[in-house]
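In what follows, a structure is listed as structure tokens, so that the remarks can point back to it.
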Amino acid sequence: MSDDKFDVIVVGGGPAGCACAYTLAKQGKSVLLLERGNSAGSKNVSGGRLYTYALELVEPGMYQRAPLQRKIVREQIMMLGEGSAMTLDYVDYGFGEEVPQSYSVVRASLDEWFAAEVEAQGAMVGAGILVDGLVEKGGKIVGIRAGEEEMYADVVVAADGVNSLLGQKAGLFPDVKQHAVGIGVKETIELPDEVISQRFALKAGEGAARVALGCTEGISGGAFLYTNQGSISLGIVFNPEQAAKHGRQIQDIFQDFKTHPAILALIEGGTSVEYGAHLVPEMGFHGIPQRLHREGMLVVGDAAQFGINTGLIIRGMDLAIVSGLAAARAILASSSPAEAGPLYMRQLEELLLLPNMKVYANFHNIFAMPRVFQQYPQLANQALQFLFRVDGKVPEPMAKGLLRILKSNVSFGQLAADGWKAYRSL
Amino acid sequence: MSIKKLSPEDLLALNKFAVDEGNPHILVDKTKCAQCTARPCLVVCPARCYRQKDGEVNFEYAGCLECGTCRVVCTYGGVTSWNYPRASYGVTFRCS
Amino acid sequence: MAGVFVFSEDLALARQLLTPALELKASLGEPLVALTTSEAGAKELAALGADRAIWLKTEAAPEQLALALADLLGKEQASVVLVGGTLRGKHVASQVAARLDAAMATDAKTLKIADGKLEITRVLYAGLAVAEEVLVLPAVATVPARTFLPPSAVAQAGAVETVELAGDARVTITAVTATGNEGVDISAASMLVSIGRGFRKQDDVKLAADLAGAIKAELACTRGIAEDEHWLPIERYIGISGQTVKPELYLAVGLSGQVQHMVGCRESKLIVAVNNDERAPIFEAADYGIVGDLYQVLPLLTAALKN
Amino acid sequence: MPNLLVCYKWTLDEQDIKINPADLSLDSSRAKGKISDFDRMALEEAAQIVEKQGGAVDALSYGTPAVKQSLKDVLSRGPNKVYYIADASAEIADGAVTAKVLAAAARKLGGYDLILVGEGSSDAFNQQTGPRLAALLGLPCVSFVAKMTLEGNTLTATRKLADCTEQVTVTTPAVVQVLSEINKPRIPSMKQVLGASKKPSGEIKLADLGLSPQELAPKAVRKSVKGFVMSRKNVIYKESNAEANVQKLVASLAAEGLR
């Protein structure tokens with residue numbers, strides 16, 4: 001085989017690209033994995049949780065080698081009010097008895113490790129290479145271009161992230177639309193590991209994952225918090241279209257959230273060490289482009305807009321890994337590049353990625369209800385304040401007070417409509 | 001250090017950037033921006049690379065986080081070209 | 001015999017070297033010997049406190065003397081050799097250190113003797129940190145220009161000797177061009193206007209030159225302006241591999257303030273920045289600053305300062 | 001055709017080093033390595049010479065075991081082969097030890113027309129390795145080179161010194177210390193990056209260099225390292241009215257006694 005021809009070129013060293021390249025290389029394919037960052041992970045930002053099953057699908061036991069942060073045993077939901085907060089804290093040590101269900105992760109280390117695993121399987125890994133185009137021949141994709149240079153392959157796998165410039169260049173889909181993505185901003189805050197464990201009531205190695213509503217000034221979106229080893233990932237995802245209309249800079253809203261007393265208590269004394277931002281696919285099943293392949297090319301991971309956000313569960317990396325694996329299996333099973341595309345779609349079904357996404361297909365409708373992000377969290381906080389308040393005065397009768405609070409936030413009509421809509425979306 | 005509200009400048013100062021001097025990876029056409037009244041870029045760019053001065057949209061690519069938001073929200077064609085920085089340039093995340 | 005030796009081909013710098021050398025002499029109780037390449041220089045250094053001043057009589061360029069000088073210093077059993085921190089000086093110092101199998105540090109900012117060793121401070125990581133280093137004797141250190149003021153004359157001048165030195169002829173100098181810096185030494189200027197990439201084209205440098213003219217300052221610049229654009233001569237470039245300055249006023253215009261640059265000017269008494277990027281690190285390093293377009297600010301500032 | 005050797009240092013990226021504000025200690029736990037900035041120019045110059053007139057370039061580095069991380073990167077910048085001495089002693093090696101190790105390795109490898117080094121390392125910037133190496137190897141040294149051409153065994157170089165520019169010639173073999181302005185180092189292309197993993201590297205054991213423990217004992221030892229903190233007034237005028245800003249600045253300068 002010549003120096004510039006591979007069986008498969010994978011563009012992008014994130015979880016999707018690495019899972020794909022790893023599987024292919026392990027089966028003896030000649031694979032080239034290209035990453036634009038100086039090391040894999042150095043351009044990547046994510047909230048920070050990986051559902052372990054995906055790595056187990058790639059190779060049983062693999063997660064034990066990975067630089068995972070903390071095993072998530074606490075799932076927390078927070079509703080923020082002005083100066084108050086209600087937190088639902090669900091502890092479950094049984095999530096994934098043999099293989100822990102999920103871990104917090106830091107991408108700079110996770111992706112770098114994964115790319116090294118890919119290399120150890122015999123793939124060629126090139127970091128610091130920006131792929132800026134595709135090579136097309138006879139209507140097929142036959143390679144990639146970086147600057148003046150070209151490399152060729154039977155199949156190119158585009159794992160180039162949510163912006164997927166390659167998918168657009170291949171004519172598979174148009175650019176993502178602003179209603180279909182969220183803009184996530186995130187600060188990484190360092191704190192001693194013991195302090196984190198203490199504040200979240202965790203044992204060493206255990207972690208908490210939290211989602212928060214009521215911190216986006218009514219913009220569709222929510223916040224997240226993940227405990228890592230020696231750091232906390234804290235961020236908010238906003239719907240960019242609504243944020244623009246709202247008019248207040250998203251960093252300012254984020255900084256207000258960060259210094260909300262209920263959040264500040266968790267991060268106080270810490271040191272901010274990094275600030276990142278990233279787009280997140282938000283449309284779930286309906287956001288997946290019609291075409292994820294053409295002859296000689298498959299699209300995986302964020303590039304294919306694979307993501308699930310139920311409000312409680314946020315999934316992206318696991319779907320990325322599964323889709324990378326699906327692409328690899330499809331390529332391994334196909335006898336010609338033309339077969340790989342349809343087989344890939346079948347693998348996405350067989351590996352349960354698409355069935356999973358279909359279950360949550362209409363969840364984005366819930367996020368189209370504006371009251372979810374302000375009125376309902378506020379309502380919860382006001383109700384609790386009412387129930388817990390003791391100031392020596394004669395309190396309002398309970399039913400009357402609660403009704404007043406309810407009415408001040410939402411009308412019965414709205415409540416009924418939202419309830420019906422939410423029910424329909426589930 | 002204790003936690004406090006950080007300005008966009010402070011936030012970006014936490015990061016590692018290698019600026020490709022004289023080689024912007026995003027091109028903005030100010031004449032298009034002049035016709036845009038919504039100017040979502042001013043609000044949603046998480047790095048505040050877009051700022052308004054004397055009624056004009058100014059774009060500075062040096063602190064770009066490479067997220068793509070500006071391209072996605074720009075409906076007036078002000079962002080005429082959006083690419084990632086050349087290899088070895090741009091932001092490097094170390095602990096995200 | 002032992003001794004504290006100083007050498008610089010630059011007489012002004014050699015004078016400055018005498019100041020720390022006199023302290024080292026006192027600590028070690030060893031004589032102070034000055035080496036220089038001119039007879040007049042030797043006399044002058046002898047008058048400023050050198051116990052002996054040796055005129056190195058030679059036709060050769062300073063760095064061609066390195067190995068012969070090392071032999072001389074070896075014979076003299078020098079304890080400490082301070083070399084003026086010019087580029088030539090650094091070359092000489094390194095080769096002397098190699099020949100004498102001696103410890104060496106460049107750009108020492110402070111020097112003292114402790115426990116029979118030479119302790120110096122110098123910057124690391126392009127100015128991010130300052131290190132204290134301990135050098136066993138014999139030790140060689142280069143000292144940057146203007147780190148010390150020259151000492152005052154002593155009542156009794158030291159002896160002046162002459163030593164003829166042959167240069168290393170393996171590197172042949174075929175031509176020498178004085179650099180066209182109009183004889184200006186920016187490290188001596190009390191005010192500097194320093195420019196960076198914020199200037200879009202060479203003609204625009206005039207804006208900075210006008211400002212410099214108005215306040216009788218010299219022009220300085222970043223590495224990019226000198227080495228990439230060649231808009232100003234290399235001697236005006238401030239930074240880790242350029243000049244180090246500490247003027248009364250350092251007016252930084254259109255420069256971002258990377259640590260590699262700032263290490264060359266951070267000892268300035270007052271730093272003032274003009275930059276359109278509010279988040280440029282220069283503002284962290286500045287006493288006063290204006291966030292604004294230099295094309296707008298400079299003419300206004302020039303006009304205001306003229307009066 | 002020339003046989004070139006480039007010595008380089010694998011250093012911590014100073015951008016990744018943080019200063020702990022409490023005690024000014026340095027935290028380099030997250031610091032990545034990099035080829036010392038100024039050595040990239042030496043590598044580039046060697047690569048350009050060989051691309052123009054043939055010959056071969058080897059690279060050589062002495063560092064802690066972390067130096068192995070540099071091999072692919074350095075090979076993508078032109079050298080045909082990289083030799084490295086990976087030894088914990090490098091952690092505290094000073095200029096004297098480093099030059100001795102590199103000189104012994106260069107002598108062992110042998111047969112180079114030119115040995116190139118950068119003008120200083122981006123961490124310590126002691127600027128002594130090149131001239132020291134030349135002295136130890138008994139070779140002539142051309143320092144602070146802004147431009148060079150190699151014809152046969154004659155090297156013609158332009159040295160840029162503070163007060164003048166010198167044209168010099170020297171007969172090879174020689175040691176050349178290049179200035180950072182000599183060239184703009186390449187961003188390795190895809191094929192250069194990928195080709196690097198196919199190029200050979202060779203480990204040289206420190207023990208095989210015949211240096212005594214005494215020779216390997218550093219003569220300059222770091223006693224303390226503290227972060228440098230700039231303390232400035234940070235009074236920034238940022239109104240949109242430039243004239244108002246200028247007036248305030250002029251008033252401040254006057255208050256400082258400057259005008």
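Naming convention: chains lettered A, B, ... in sequence-line order (proteins, then strands); numbering from 1 in each chain.
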*Hey, which of D/Gln128, D/Glu119, D/Gln15, D/Gln127 has the most heavy atom pairs under 4.5 Å with chain C?*
D/Gln128
*asked:* Need one label for C/Ala70: side chain, backbone, both or neither, based on atoms under 4.5 Å from any heavy atom in chain D.
replied: neither
*Could you grab the distance from atom OH of C/Tyr125 to atom CG of D/Asp13, nearest 0.5 Å is fine?*
10.5 Å
*Among C/Asp287, C/Val291, C/Thr177, C/Thr106, which residue forms the greatest number of heavy-atom pairs with chain D at distances under 4.5 Å?*
C/Asp287
*asked:* Does any backbone or side-chain atom of C/Ile120 lie under 4.5 Å from a heavy atom of chain D? Answer side chain, backbone, both or neither.
replied: neither
*Could you grab the distance from atom CZ of D/Arg40 to atom CD1 of D/Ile187, nearest 0.5 Å is fine?*
10.5 Å
*Relative to chain C, which of D/Ser180, D/Gly95, D/Ser122, D/Ala99 shows the most heavy atom pairs under 4.5 Å?*
D/Ser180
*Partners meeting side-chain contact (heavy atoms from CB on, under 4.5 Å) with C/Val263 (sequence neighbours left out)*: C/Val123, C/Ile240, C/Arg266
*asked:* Under a 4.5 Å cutoff for heavy-atom pairs, which residue among D/Arg222, D/Lys238, D/Lys184, D/Glu243 has the most contacts with chain C?
replied: D/Arg222
_Residue C/Gln296 versus chain D: region with a heavy atom under 4.5 Å_ = side chain
*So, the side chain of D/Trp10 versus the backbone of D/Ser36: is there a donor-acceptor pair under 3.5 Å, distance only?*
no
*Heavy-atom distance under 4.5 Å to chain D: side chain of C/Lys269, backbone, both or neither?*
backbone
*Among C/Val259, C/Asp228, C/Asp168, who wins on heavy-atom pairs under 4.5 Å with chain D?*
C/Asp228
*Identify which of C/Ala285, C/Gly127, C/Ala304, C/Gly292 forms the greatest number of heavy-atom pairs closer than 4.5 Å to chain D.*
C/Ala285
*C/Gln260, part contacting chain D, at a heavy-atom distance under 4.5 Å*: side chain
*Do you know which of D/Gln247, D/Glu181, D/Glu239, D/Lys100 has the most heavy-atom pairs with chain C at a distance under 4.5 angstrom?*
D/Glu181
*What part of C/Leu270 lies closer than 4.5 angstrom to a heavy atom of chain D: side chain, backbone, both or neither?*
both
*Answer with side chain, backbone, both or neither: which region of C/Asp101 has an atom nearer than 4.5 Å to a non-hydrogen atom of chain D?*
both
*Could you go step by step and tell me if D/Glu166 and C/Arg88 meet the salt bridge (charged side-chain N to carboxylate O under 4.0 Å, His left out) rule?*
CA-CA 12 Å; D/Glu166 271 183 13; C/Arg88 291 184 194 279; 2.9 Å; yes
_So, taking the atom named CG in D/Leu161 and the one named CZ in D/Arg159, what distance separates them when rounded to the nearest 0.5 Å?_
4.5 Å
_Most contacts with chain C, counted as non-hydrogen pairs under 4.5 angstrom, among D/Thr129, D/Thr158, D/Val225, D/Thr165_ = D/Thr165
*With sequence neighbours excluded, give me every ring-ring contact (aromatic ring centres under 6.0 Å, His included) pair touching residues 119-145 of chain D.*
D/Phe38-D/Phe125
*Let me know if C/Asp107 has heavy atoms under 4.5 Å from chain D in its side chain, its backbone, both or neither.*
side chain
*Who among D/Glu256, D/Lys233, D/Arg232, D/Lys160 has the most heavy-atom pairs with chain C under 4.5 Å?*
D/Arg232
*Checking C/Thr86 against chain D: side chain, backbone, both or neither under 4.5 Å from a heavy atom?*
neither
